[in-house]
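Treat the numbers as computed from the prediction; the structure is a model and nothing was measured. First listed ligand is number 1; within each ligand, the first listed atom is number 1. All residue numbers refer to positions in the sequence shown, counting from 1.
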Amino acid sequence: MSNYHIKHLEEYWQVYRKSVRNPENFWEEIAEEHFLWRKKWDKVLSWDFSKPEVKWFEGAKLNITENCLDRHLATRADKTAILFEPNNPDEESQHITYRELHERVSRFANVLKSQGIDKGDRVCVYLPMIPELAVAILACARIGAIHSVVFAGFSSTALATRINDCDCETIICSDGSYRGKKTIDLKSIVDEALESCPGIKKSFVVKRTHTDVVMKEGRDIWLQPLLDNASPTCKATVMDAEDPLFVLYTSGSTGKPKGMVHTTAGYMVYTAYSFKNVFQYRENDIYWCTADIGWITGHSYIVYGPLANGATSVMFEGVPSYPDYGRFWEIVEKHKVTQFYTAPTAIRALAKENISYVDKYDLSSLKVLGTVGEPINEEAWHWYNDNVGKKNSPIADTWFQTETGGIMISPIPYSTPTIPTYATLPLPGIQLALMDENGKEIKGNQVEGRLTIKYPWPSMARSIYGDHERYKNTYFNSFENMYFTGDGALRDAVGYYRITGRVDDVIIISGHNLGTAPIEDAINEHPAVAESAIVGFPHDIKGNALYGYITLKEAGEGRDHDNLRKEINQLIADRIGAIAKLDKIQFTQGLPKTRSGKIMRRILRKIACNDTSNLGDISTLLNPEVVKDVMAKAII
Ligand code: WTA
């Protein structure tokens, strides 16, 4: 028997040791006992990080939706699979049972099939947090189409880039979306994007806001009539273990976004196993993750992980501040939520508001709290622990990445002691190492280094869509035979891990990963801009905010700076999304550079953080005089 459900610390260590001693046996037992296979594997694992190539459960055949849906029909058909909570609290919640979800996915899958979509085709999904989003991705998985969800807060340019990079021929979108008080005209964002996406042949439109939209003849199709006419059963396409399940984009520190490719069997096994343990999920619990399905957290821990366990997963359309700052807690009380999983940025925002927004509601159903996406600062951790958990619900500070597919480091609630700001221990099967700058492993405790993973795990991304070389260079070239995360971490005296943040040029704003390069590219498109450099600085609510140093061309001299700031931020909003707007913009005569012409972001970061006591040796710079000037005019 495998220890699928860890219940105390000693058991964790036993399981962990077993998983490291013989990883293949460990994952094989879990896969054997807890999933539905059309055919079992011939080989559990083959791997070579130098290529890199990783295969789990090679030779196995399955369909992930049979594991997330069909398998539960015998015992849980009337249990709520998705509990949809609309943006507007006056609109009724929807309890979608496993039977209903199975039927809706089947209808949707039949529609896709009848419209010519086949196994292996890429389908872009650009939808708000409504049930159709979950249904759409499961429908793709049902027929073996590869879904590529793009967060519906992204701009038309960002959407177009992702559609084209992924060679999508189909998009599923909606007329509009609700976010708090706002109604957003999603369809026109899509229309604008599709002007530069010649590959798109069909666009299926879900009705949500009943906004007037333009339907382009021959391309745009209302989805509902097709669903109404489709059969409610659909045979699942049998997939190979390593067939791609989805592509999901994440920002890189340079260049265009990376389409991380995730495959079927390993992803399923790992997300299901980690969900069960990190959230200590038990039958009849009501689990709620507030992420958007447009991110990996939503893929793995709203849809696939929970459904593979036959769980009830709450899906929330709205925002934490609407109709007021008590909305999260109102929902917890209303549905008696047992596990609540959110981002530090949301906690910090809510902690700023009056405590009566929390105290008004009965939160006694909560058993486990979680956070994800960025480091949680101590103050936020305590606020969450004291006011939401009432010191009774352990906080799982979960560390993972789009690339890792599932949670890598987290306390096991009720087993691992929690410590504020510590993600604590690796999950079973995850073999971490801290490395120094020269590529040597730093052994022992009370050490700090670059966080790497030295052995494959089932849910790791297998490639970057269309660019395997980039996958290799980004993750496997820094340290021999290891996956490099891009994060730094420390290991304390007892071996617990604390993530210290990115060691590259990715900045995390409100839990969203932003690469500096694409933002700088957008700014540099402005006709008055000569050059720019973006750095992050600490921000009370967002965790980090962006500070831009910009030098102007002659054309920009004499222009009103406030107007320029507005235009630059508008450009960023258009190219990337409002999330990437700069909080501070300083116009400078020059940017500090090394002699090889590399912008010294390290120095700019220190200036933005008002931490200029130790700038290091600047005499080797190409233009040391610039530093003084930048410092004198810094916006603090
Ligand atoms: C950061 C999100 C500290 C980290 C699931 C990582 C965290 C990046 C944590 C991935 C955490 C995520 N503590 N930092 N608990 N969780 N991060 O791909 O820098 O959107 O590399 O995946 O977020 O972001 P991504």
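- Using a 4.0 angstrom heavy-atom cutoff, Gly486 does not count as in contact with ligand 1.
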Residues Lys454, Glu441; criterion salt bridge (Lys or Arg N to Asp or Glu O under 4.0 Å); working and verdict: CA-CA 11 Å; Lys454 52 185 175 182; Glu441 183 170 352; 3.3 Å; yes
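- Considering Ile296, Thr402, Asp504, Thr398 only, the shortest heavy-atom separation from atom 15 (N) of ligand 1 involves Thr398.
- Every atom of ligand 1 is numbered from 1 in the order shown, and the set under 4.0 Å from a heavy atom of Thr297 is 5 (C).
- Judged by the shortest distance from any of its heavy atoms, Phe400 lies inside the 4.0 Å radius around the atoms of ligand 1.
- Of all the atoms in ligand 1, the ones that sit under 4.0 Å from a non-hydrogen atom of Asp397 are 11 (C), 13 (N), 15 (N).
- Contact between Cys289 and Thr297 at its shortest, heavy atoms only, is SG-CG2, 3.8 Å.
- Taking every non-hydrogen atom of Ile508 and a distance limit under 4.0 Å, the qualifying atoms of ligand 1 come out as 1 (C), 4 (C), 8 (C), 19 (O), 23 (O).
- Between Asp583 and Lys542, at least one side-chain nitrogen of the basic residue sits less than 4.0 Å from a carboxylate oxygen of the acidic one, meeting the salt-bridge criterion.
- Only side-chain heavy atoms of Arg502 come within less than 4.0 Å of ligand 1; its backbone N, CA, C and O stay farther off.
- Across every non-hydrogen atom of Met315 and Pro131, the tightest pair is CE-N, 4.0 Å.
- Not a single N or O atom of Thr371, backbone or side chain, sits closer than 3.5 Å to an N or O atom of ligand 1.
- Checked options Ile30, Asn309, Ile407; the residue passing with Tyr273 is Ile30 (criterion: side-chain contact (heavy atoms from CB on, under 4.5 Å)).
- Remark: ligand 1 atoms within the under-4.0 Å shell around heavy atoms of Val372 are 5 (C).
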